[in-house]
Amino acid sequence: MSVADLEAKAESVAGTATKEEKGTMLLWLHVLGEAFAGELLQRLIPLRYDTEHRLEGVPRERGTLICEMKVEEDMANGYNNMHGGCSAYLVDVCTSVCLTAFSPSHVSLSLQLEYHQPIPVGTTIEIVSTTRALGRRVLSAGCEIIHKEKRTLLVSGSHVKMPPSQLPSKL
């Protein structure tokens with residue numbers, strides 16, 4: 001994806017995030033779309049990306065990323081519903097990308113999901129990721145997968161991350 005393509009796509013994403021933050025988010029989705037389960041991420045549509053940075057009158061930093069996609073057969077388990085591993089992957093990626101405006105590099109400490117309802121093939125879902133805590137040592141974000149038409153909660157998740165450890169330098 002060229003810089004011009006990223007800039008054009010960033011213009012189509014609503015929200016208060018800067019053009020650079022939207023570009024970084026899209027670049028991460030593009031890079032991840034070239035790796036594990038890339039075909040899945042290539043169908044993910046970022047709709048809105050909001051960020052608030054610590055300014056006078058703003059008590060804390062926060063961000064929200066809203067994406068959309070249709071559940072297709074390659075995402076299904078034997079019951080023709082979205083596989084739990086697929087929803088876990090989407091929560092992992094979407095919460096991680098939501099955090100990129102605040103910390104460009106982080107690794108997972110824990111990922112926890114609760115499955116509220118099955119998600120049949122053909123369902124259009126919204127994935128809403130929101131930052132919860134943005135510390136120097138630990139970052140956390142929550143995520144909800146929502147049925148787009150019915151507005152019902154299908155999956156909720158929590159993701160805790162940290163900056164990667166620095167390897168000791170050799171003397």
Side-chain angles (χ1 to χ4, degrees), residues 1 5-6 9-10 12-15 17 21-22 24-51 62-134 138-164:
M1 181 177 285
D5 291 340
L6 277 175
K9 197 167 182 182
S12 71
V13 178
E21 290 169 337
K22 290 176 184 178
T24 299
M25 176 267 300
L26 291 167
L27 182 60
W28 269 107
L29 286 175
H30 174 72
V31 168
L32 293 170
E34 299 293 319
F36 174 77
E39 316 81 42
L40 179 71
L41 290 184
Q42 292 169 10
R43 299 190 306 252
L44 188 68
I45 303 165
L47 301 175
R48 182 173 191 90
Y49 191 29
D50 292 305
T51 59
R62 64 179 140 216
T64 301
L65 174 64
I66 301 173
C67 297
E68 174 183 290
M69 77 182 317
K70 185 174 182 179
V71 177
E72 297 185 17
E73 288 185 14
D74 64 343
M75 302 162 70
N77 59 20
Y79 297 101
N80 215 31
N81 294 313
M82 181 190 276
H83 191 284
C86 183
S87 55
Y89 178 65
L90 290 171
V91 169
D92 178 16
V93 168
C94 291
T95 54
S96 296
V97 170
C98 182
L99 290 166
T100 60
F102 307 97
S103 175
S105 180
H106 35 74
V107 296
S108 295
L109 283 172
S110 68
L111 181 66
Q112 180 178 338
L113 275 77
E114 294 178 10
Y115 300 94
H116 305 286
Q117 295 182 33
I119 309 172
V121 168
T123 303
T124 301
I125 57 174
E126 278 187 1
I127 305 157
V128 181
S129 301
T130 306
T131 60
R132 291 185 178 157
L134 300 167
V138 175
L139 308 158
S140 68
C143 187
E144 293 182 337
I145 298 178
I146 300 166
H147 191 293
K148 183 170 175 134
E149 289 80 28
K150 296 179 182 178
R151 308 308 302 163
T152 54
L153 180 62
L154 305 169
V155 176
S156 56
S158 180
H159 198 178
V160 180
K161 303 195 84 168
M162 64 180 246

Donor-acceptor pairs are to be reported for all side-chain atoms of residues 110-120 against protein atoms at under 3.5 Å, with residues two or more places apart or in another chain.
unit_1: Tyr115; atom_1: OH; unit_2: Gly84; atom_2: O; d: 3.0
unit_1: His116; atom_1: NE2; unit_2: Ser156; atom_2: OG; d: 2.7

Not counting sequence neighbours, which residues clear salt bridge (Lys or Arg N to Asp or Glu O under 4.0 Å) with Asp92? List them please. none
Are Thr131 and Leu139 close enough that some pair of their side-chain heavy atoms sits under 4.5 Å apart? no
Shortest non-hydrogen contact from Val93 to Leu29? CG1-CD2, 3.9 Å
Could you tell me which residues satisfy side-chain hydrogen bond (donor to acceptor under 3.5 Å, both in side chains) with Asn77, sequence neighbours excluded, listed by chain and number? none
Tell me which pairs pass salt bridge (charged side-chain N to carboxylate O under 4.0 Å, His left out) where either residue lies in residues 151-162, with sequence neighbours left out. Glu126-Arg151
Nearest atoms (heavy-atom pairs only) where Val97 meets Thr100: O-OG1, 2.7 Å
Rounded distance (nearest 0.5 Å) linking atom CG of Leu47 with atom CD1 of Ile45: 7.0 Å
Can you give me every donor-acceptor pair (side chain of residues 64-73, partner residue at least two apart or in another chain, under 3.5 Å) with its distance?
unit_1: Glu68; atom_1: OE1; unit_2: Lys148; atom_2: NZ; d: 2.3

Is there a side-chain contact between Leu44 and Ile127 (heavy atoms, below 4.5 Å)? yes
Could you pull out all residues at least two apart from Ser87 that satisfy side-chain hydrogen bond (donor to acceptor under 3.5 Å, both in side chains)? none
How would you list, by chain and number, every residue that makes a side-chain contact (heavy atoms from CB on, under 4.5 Å) with Pro164, sequence neighbours excluded? Ser105, Val107
Suppose we screen for side-chain hydrogen bond (donor to acceptor under 3.5 Å, both in side chains). Which residues come up paired with Ser108, at least two apart in sequence or across chains? His159
According to side-chain hydrogen bond (donor to acceptor under 3.5 Å, both in side chains), who are the partners of Asp50, at least two apart in sequence or on a separate chain? Thr16, Arg48
For His106, is the NE2 atom crowded, meaning more than 12 foreign heavy atoms sit under 6.0 Å from it? yes
I'd like to check Thr130 versus Cys98 (side-chain heavy atoms, cut-off strictly below 4.5 Å). Are they in contact? no
Contacts satisfying ring-ring contact (aromatic ring centres under 6.0 Å, His included) that involve residues 85-105 (not counting sequence neighbours) are Phe36-Tyr89, His53-Phe102
Once rounded to the nearest 0.5 Å, what's the spacing between atom CG of Asp74 and atom SG of Cys86? 7.5 Å
With rounding to the nearest 0.5 angstrom, report the CG to CG distance, Leu40 to Leu32. 11.5 Å
Close side-chain approach of Met82 and Val155, heavy atoms under 4.5 Å: no
Less than 4.5 Å apart, side chain to side chain, heavy atoms only: is that true for Ser103 and Leu134? no
Residues two or more places apart in sequence or in another chain: which of them pass side-chain contact (heavy atoms from CB on, under 4.5 Å) with Ser158? Arg132
So Glu149 and Thr124, side chain to side chain contact (heavy atoms under 4.5 Å, CB included) or not? Walk me through it. CA-CA 8 Å; Glu149 289 80 28; Thr124 301; 3.9 Å; yes
Straight-line distance of Glu39 CD to Glu34 CD, nearest 0.5 Å: 10.0 Å
Non-neighbouring partners of Ala17 that pass side-chain contact (heavy atoms from CB on, under 4.5 Å), sequence neighbours left out: Glu21, Lys22, Tyr49, Thr51
